[in-house]
There are 2 protein chains.
Amino acid sequence: MVPTSSRETAAPADAEPRPDLRELAAALEGTPAEQGLRERKKRARRAALIDAAQQLVTAHGLDAVTVEMISAEAGVSARTFFNYFETKDDAVLGAEDVGLSEEDIRTFVRGGPTGRLLSDLQSLVASLLTPHAETHGQTVRAMDLLQREPRLLQRHVVWMDRHETQLVELFEARRAVKPFSAGNELLTMLVLLLIRTTFVAWENAGYTGGPADHLPAAVAQLVDLVAVDLGS
Amino acid sequence: MVPTSSRETAAPADAEPRPDLRELAAALEGTPAEQGLRERKKRARRAALIDAAQQLVTAHGLDAVTVEMISAEAGVSARTFFNYFETKDDAVLGAEDVGLSEEDIRTFVRGGPTGRLLSDLQSLVASLLTPHAETHGQTVRAMDLLQREPRLLQRHVVWMDRHETQLVELFEARRAVKPFSAGNELLTMLVLLLIRTTFVAWENAGYTGGPADHLPAAVAQLVDLVAVDLGS
DNA sequence: CTAATTCTTGCACTGCACGCAAAAATTCAT
DNA sequence: ATGAATTTTTGCGTGCAGTGCAAGAATTAG
């Protein structure tokens with residue numbers, strides 16, 4: 001709103017009327033001596049926007065919060081918001097574009113690590129889930145909001161969407177090496193199911209450890225469900 | 001846009017300047033001697049809107065089609081569109097609010113029909129899927145569009161959302177009668193997974209029969225996937 | 001210190017979705 | 001059939017999400 005002339009370079013502390021709250025925090029916590037100023041500011045702004053979004057939505061609900069409010073709270077223009085996030089929901093969730101590493105892909109395709117599809121799928125999901133450990137606080141708040149505002153789950157699906165091509169290629173590649181009967185769509189949905197179930201389990205456990213720690217429990221639930229039916 | 005004075009009562013064919021295409025179709029096919037005129041027109045408009053939406057999106061893609069275009073094509077105002085559908089996507093999918101019958105609910109809750117959770121879940125999904133047999137043509141087109149425009153899958157999730165409360169209640173009620181280990185979220189996601197997998201299987205089979213006919217195959221895929229892992 | 005690069009910002013615009021009240025269409029009672 | 005009651009359509013106005021564009025500010029490179 002008020003144009004805060006950002007100046008967190010190590011300059012003399014002259015009469016600066018508006019030392020914006022969040023920009024200040026940025027200078028401090030954002031891994032101080034990392035890269036260029038540009039990079040640091042980018043991270044800071046991104047974090048500020050996520051914080052603002054989560055805080056406002058927690059207080060007033062998703063529909064009562066506008067992008068303008070979030071931007072104002074974070075001290076940037078509304079237009080800038082969309083330089084950082086595609087949608088309002090993405091900011092609330094602190095959406096990071098996590099992808100699979102080359103390593104993970106190679107292992108999975110060549111039938112690894114265990115040779116059993118479900119178990120290997122579990123490994124794949126595990127490596128998708130681990131990066132979240134960095135932004136722990138934001139992820140936790142995102143999970144809470146995901147319960148209160150189920151509409152946000154849509155974004156999760158969009159994420160699937162974006163990576164569906166990659167996933168399908170992955171499945172096809174492995175199928176060529178080590179055939180299996182399950183269809184691509186089932187596997188894709190299964191990944192989504194595991195991610196969601198894992199997050200819920202993590203939440204129920206009071207957010208102990210990382211999300212990936214609760215993946216085995218999620219898989220166990222599924223296996224048990226099927227096993228009971230088999231042993232009729 | 002142009003106010004077409006609809007008059008498809010069995011009136012004399014006087015000089016009617018605009019015998020709108022779709023309204024005409026309505027008088028013919030819409031189960032002619034059913035209920036009141038109002039009801040028939042409602043169905044007709046709804047069908048016209050879905051047809052228009054699907055046709056336009058098939059031709060130009062989802063993002064190139066506006067609600068105004070759809071409404072114009074169907075011969076109603078844009079405002080009226082939203083009397084029939086909550087979103088543009090709903091019209092494209094021909095979204096019907098299918099719910100579970102009292103009968104289905106009672107059976108499931110008291111541990112039926114088979115007593116095995118997965119099998120009973122299958123029955124539940126089956127009864128969710130059967131009503132689609134009526135609007136066969138529209139459903140088929142919707143499935144095709146769902147492939148070309150994955151964004152539409154979001155709507156599927158919203159549907160889940162809306163019925164999640166009902167589903168969770170269902171699960172809880174059954175849990176009280178016949179305990180099981182699987183969490184509500186896993187079961188909810190499983191329902192979604194089964195629906196999606198079934199539709200895909202139906203599509204791959206060239207839309208033979210009804211969607212529900214391919215549900216067993218979907219379940220089999222899942223069971224097989226788990227079974228292979230168990231028999232390690 | 002200057003030039004090149006990158007990022008932010010304001011402005012304008014399209015489109016979705018909804019509330020409201022007037023007008024049109026349909027049903028109902030007689 | 002006619003007029004009243006009800007339901008539905010429609011036009012108008014509003015708010016908000018999201019995007020393209022070009023000017024200007026900040027950062028970096030030389």
Side-chain angles (χ1 to χ4, degrees), chain A residues 1-11 20 23 26-27 34-46 48-49 53 56-57 60-72 74-92 151-152 154-155 158, chain B residues 1-11 20 23 26-27 34-46 48-49 53 56-57 60-72 74-92 151-152 154-155 158:
Chain A
M1 184 160 261
V2 180
T4 68
S5 58
S6 62
R7 196 183 299 178
E8 74 240 313
T9 41
D20 182 83
E23 301 244 18
E34 194 190 359
Q35 267 183 307
L37 217 189
R38 213 158 239 166
E39 199 61 28
R40 268 188 293 155
K41 277 205 169 184
K42 237 168 162 174
R43 287 178 186 280
R45 273 197 242 264
R46 188 186 158 78
L49 281 169
L56 285 171
V57 171
H60 308 113
L62 187 56
D63 292 323
V65 174
T66 69
V67 171
E68 303 221 10
M69 291 188 214
I70 298 171
S71 310
V76 299
S77 84
R79 189 63 187 78
T80 298
F81 177 96
F82 290 107
N83 290 348
Y84 285 83
F85 300 99
E86 289 184 11
T87 66
K88 183 173 71 172
D89 297 1
D90 277 344
V92 175
R151 181 160 84 65
L152 290 173
Q154 287 181 54
R155 268 303 170 177
V158 171
Chain B
M1 184 155 262
V2 181
T4 68
S5 58
S6 61
R7 196 185 298 179
E8 75 240 311
T9 42
D20 182 85
E23 300 243 19
E34 195 191 356
Q35 269 183 308
L37 217 189
R38 211 158 240 166
E39 199 60 27
R40 265 187 294 156
K41 276 205 169 182
K42 234 167 161 176
R43 288 178 186 281
R45 286 216 178 96
R46 188 186 158 77
L49 282 169
L56 285 171
V57 171
H60 308 114
L62 188 56
D63 291 324
V65 174
T66 71
V67 172
E68 304 223 8
M69 290 188 214
I70 299 172
S71 310
V76 297
S77 86
R79 190 61 187 80
T80 297
F81 177 95
F82 289 105
N83 290 349
Y84 284 84
F85 300 98
E86 289 184 12
T87 68
K88 183 173 72 172
D89 297 0
D90 276 345
V92 175
R151 183 160 83 66
L152 290 173
Q154 285 181 54
R155 262 341 236 176
V158 170

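Sequence lines set the chain letters: A, B, ... in the order given, protein chains first and strands last, and positions in each chain run from 1.
- A/Glu68 comes within 4.0 angstrom of nothing in the nucleic acid, heavy atoms only.
- One can place CD of A/Gln154 at 16 Å from P of C/dC16, the figure rounded to the nearest angstrom.
- Residues A/Met69 and A/Ala64 approach most closely at CE-O, 3.0 Å, considering heavy atoms.
- Here the shortest heavy-atom pairing between A/Val92 and A/Val57 reads CG2-CG2, 3.8 Å.
- Separating the NZ atom of B/Lys88 from the P atom of D/dA17 is a distance of 18 Å, rounded to the nearest angstrom.
- Between A/Asp89 and A/Gln154 there is no side-chain heavy-atom pair separated by less than 4.5 Å.
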Test side-chain contact (heavy atoms from CB on, under 4.5 Å) applied to B/Asp63 and B/Arg151, step by step: CA-CA 10 Å; B/Asp63 291 324; B/Arg151 183 160 83 66; 3.5 Å; yes
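- The CZ atom of B/Phe82 sits 10.5 Å away from the CG atom of B/Asp90 when rounded to the nearest 0.5 Å.
- Atom-to-atom, CG of A/Asp90 to C1' of D/dA17 comes out at 13 Å; the value is rounded to the nearest Å.
- Look at CG on A/Leu49: it is 14 Å from C1' on C/dT9, rounded to the nearest Å.
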Can you check nucleotides 21-24 of chain D for protein contacts, nitrogen or oxygen pairs under 3.5 Å, and list what you find?
none

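- Of all the heavy atoms in B/Ser71 and B/Leu49, the pair that sits closest is CA-CD2, 4.3 Å.
- The phosphate of C/dT26 (OP1 or OP2) has a side-chain N or O of B/Lys41 nearer than 4.0 angstrom.
- Atom P of nucleotide D/dA26 and atom CG of A/Leu37 are separated by 12 Å, given to the nearest angstrom.
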Annotated protein contacts, base or backbone, on nucleotides 2-8 of chain D with a non-hydrogen cut-off under 4.0 Å, one of B, S, - each: ----BBS
Residues A/Val67, A/Phe85; criterion side-chain contact (heavy atoms from CB on, under 4.5 Å); working and verdict: CA-CA 11 Å; A/Val67 171; A/Phe85 300 99; over 6 Å; no
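- Comparing B/Ala78 and A/Thr66, the nucleotide of DNA chain D nearest to each residue sits closer to the 5' end for B/Ala78.
- Using modelled atom types, one side-chain atom of B/Lys88 and one backbone atom of B/Leu62 make a donor-acceptor pair closer than 3.5 Å.
- Between the two ends of the helix from C/dC1-D/dG30 to C/dT30-D/dA1, each summarised by a five-pair axis, the helix axis turns through 20° (rounded to 10 degrees).
- Here A/Asn83 contributes atom CG and A/Arg45 contributes atom CZ; the two are 10.0 Å apart, rounded to the nearest 0.5 Å.
- Note: CZ (B/Arg151) to P (C/dC16) measures 9 Å, nearest angstrom.
- B/Phe85 places its CZ atom 12 Å from the P atom of D/dT9, with the value rounded to the nearest Å.
- Regarding B/Phe81, its CZ atom lies at a distance of 18 Å from the C1' atom of D/dG11, rounded to whole Å.
- Looking at the side chain of B/Phe82, the nearest of the listed nucleotides D/dG18, D/dT10, C/dC18 is C/dC18.
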Residues A/Tyr84, A/Lys42; criterion side-chain contact (heavy atoms from CB on, under 4.5 Å); working and verdict: CA-CA 9 Å; A/Tyr84 285 83; A/Lys42 237 168 162 174; 3.7 Å; yes
